[in-house]
Peer 1: 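Below is a structure I'd like to ask you about.
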Amino acid sequence: MDVEPLFAALTRLPPRSLQVLLARFVAASAGAEPGRDAAGFARFYGVQLPAAEVLLWRAAVDFEALLAHRPLPAPRPFPDEQAAARQLAQALEDDASTSAPELASLARALRALSAHAPAIRERLTAAERAELESPAFVRETWMRRAAIVIVLVLSGWAYFKADLVRWWRQQTLPSTQGPAGR
């Protein structure tokens, strides 16, 4: 599988699914293989292994649908997801083709992510750099800063309004009392 369709499918994924796949298969690691093993992936998310498998299953199904240019699938019943997630985890561990064609194609697509991990990381870094340097991002950043300043000024006015009005009246209105001491 080529890196172009993999990267295109990754860019169309929902953010959670993208993060899961990147954390499991693409992240730079100290070992020879990119990504994390199943136990390391579960530790990374701070969940038990079965929950991590379901999380990975959901992201992998979304990824495979986008690779095939299909819409994202509807959620399945949770017990079905748990069983399918366990089968996918076994298929990824065994490196052998499984009996279910759906799992075999899914495992191939996920292994392709690991195989092309350096190229995908490079493209993601380039896309992030282009986004940060774009005029639209700079304009959006300055608009957010201006909005924050406006909110702070209005909040300060609302908080100190009574004190400021009292001070203003003392400075601008003539005194109605006579000299002090009479």
Peer 1: Look up atom CG in Leu22 and atom CZ in Arg36, then write down how far apart they are to the nearest 0.5 Å.
Peer 2: 10.0 Å

Peer 1: Can you name the closest pair of heavy atoms from Ala84 and Leu103 and give their distance?
Peer 2: O-CD2, 4.3 Å

Peer 1: Measure the spacing between OG of Ser114 and CG of Leu21 and express it to the nearest 0.5 Å.
Peer 2: 10.0 Å

Peer 1: Report the distance from atom CZ of Arg169 to atom CG of Leu164, rounding to the nearest 0.5 Å.
Peer 2: 12.0 Å

Peer 1: Looking at Ala107 and Leu88, what are the two nearest heavy atoms and their distance?
Peer 2: N-CD1, 4.4 Å

Peer 1: Before giving the answer on side-chain contact (heavy atoms from CB on, under 4.5 Å), spell out for Glu53 and Trp57 the whole-Å C-alpha distance, their side-chain angles and the decisive distance to 0.1 Å.
Peer 2: CA-CA 6 Å; Glu53 290 171 351; Trp57 164 257; over 6 Å; no

Peer 1: What's the spacing between Leu113 CG and Leu6 CG if we round to 0.5 Å?
Peer 2: 5.5 Å

Peer 1: Donor-acceptor pair, Arg24 side chain versus Leu56 backbone, under 3.5 Å?
Peer 2: no

Peer 1: Which distance, rounded to the nearest 0.5 Å, do you find between the CG of Leu66 and the CG of Leu72?
Peer 2: 5.0 Å

Peer 1: Please report the closest heavy-atom contact between Leu49 and Ala39, naming both atoms and the distance.
Peer 2: CD1-N, 4.3 Å

Peer 1: Test salt bridge (Lys or Arg N to Asp or Glu O under 4.0 Å) on Glu4 and Arg123; report intermediate values, then the result.
Peer 2: CA-CA 10 Å; Glu4 290 298 324; Arg123 288 170 191 243; 2.5 Å; yes

Peer 1: Side-chain heavy atoms under 4.5 angstrom apart, residues restricted to Ile, Leu, Val, Met, Phe, Trp, Tyr: same cluster for Tyr159 and Trp157?
Peer 2: yes

Peer 1: Do you know which two heavy atoms are closest between Ala119 and Val3, and how far apart they sit?
Peer 2: CB-CG2, 3.9 Å

Peer 1: Tell me, with the steps shown, if Val20 and Phe41 meet side-chain contact (heavy atoms from CB on, under 4.5 Å).
Peer 2: CA-CA 9 Å; Val20 166; Phe41 176 69; 3.6 Å; yes

Peer 1: Stepwise, does the side-chain contact (heavy atoms from CB on, under 4.5 Å) test hold for Arg58 with Phe63?
Peer 2: CA-CA 9 Å; Arg58 290 175 180 167; Phe63 178 65; over 6 Å; no

Peer 1: Would one find more than 12 heavy atoms of other residues, nucleotides or ligands at under 6.0 Å from atom CD of Gln48?
Peer 2: no

Peer 1: Could you walk me through whether Arg129 and Glu133 pass salt bridge (Lys or Arg N to Asp or Glu O under 4.0 Å), step by step?
Peer 2: CA-CA 6 Å; Arg129 187 176 26 248; Glu133 294 172 355; 5.2 Å; no

Peer 1: Closest approach of Pro118 and Ala115, non-hydrogen atoms and distance?
Peer 2: CD-O, 4.3 Å

Peer 1: In terms of heavy-atom contacts, does CZ of Arg76 have more than 12 from other residues, nucleotides or ligands at under 6.0 Å?
Peer 2: yes

Peer 1: Is the backbone of Trp168 close enough, under 3.5 Å, to the side chain of Thr172 for a donor and an acceptor to pair up by distance?
Peer 2: yes

Peer 1: How many angstroms lie between CD in Glu140 and CZ in Arg144, if you round to the nearest 0.5 Å?
Peer 2: 4.0 Å

Peer 1: Is there a side-chain contact between Ser105 and Glu64 in this structure, where contact means two heavy atoms from C-beta onward sitting under 4.5 Å apart?
Peer 2: yes

Peer 1: Around Arg145, counting heavy atoms of other residues, nucleotides and ligands shown, do more than 12 lie under 6.0 Å from its CZ?
Peer 2: yes

Peer 1: side-chain contact (heavy atoms from CB on, under 4.5 Å) between Ile120 and Leu10: does it pass, once the steps are laid out?
Peer 2: CA-CA 9 Å; Ile120 290 172; Leu10 284 174; 3.7 Å; yes

Peer 1: If every non-hydrogen atom of Pro5 is compared with every non-hydrogen atom of Leu67, which pair is closest and at what distance?
Peer 2: O-CD2, 3.5 Å

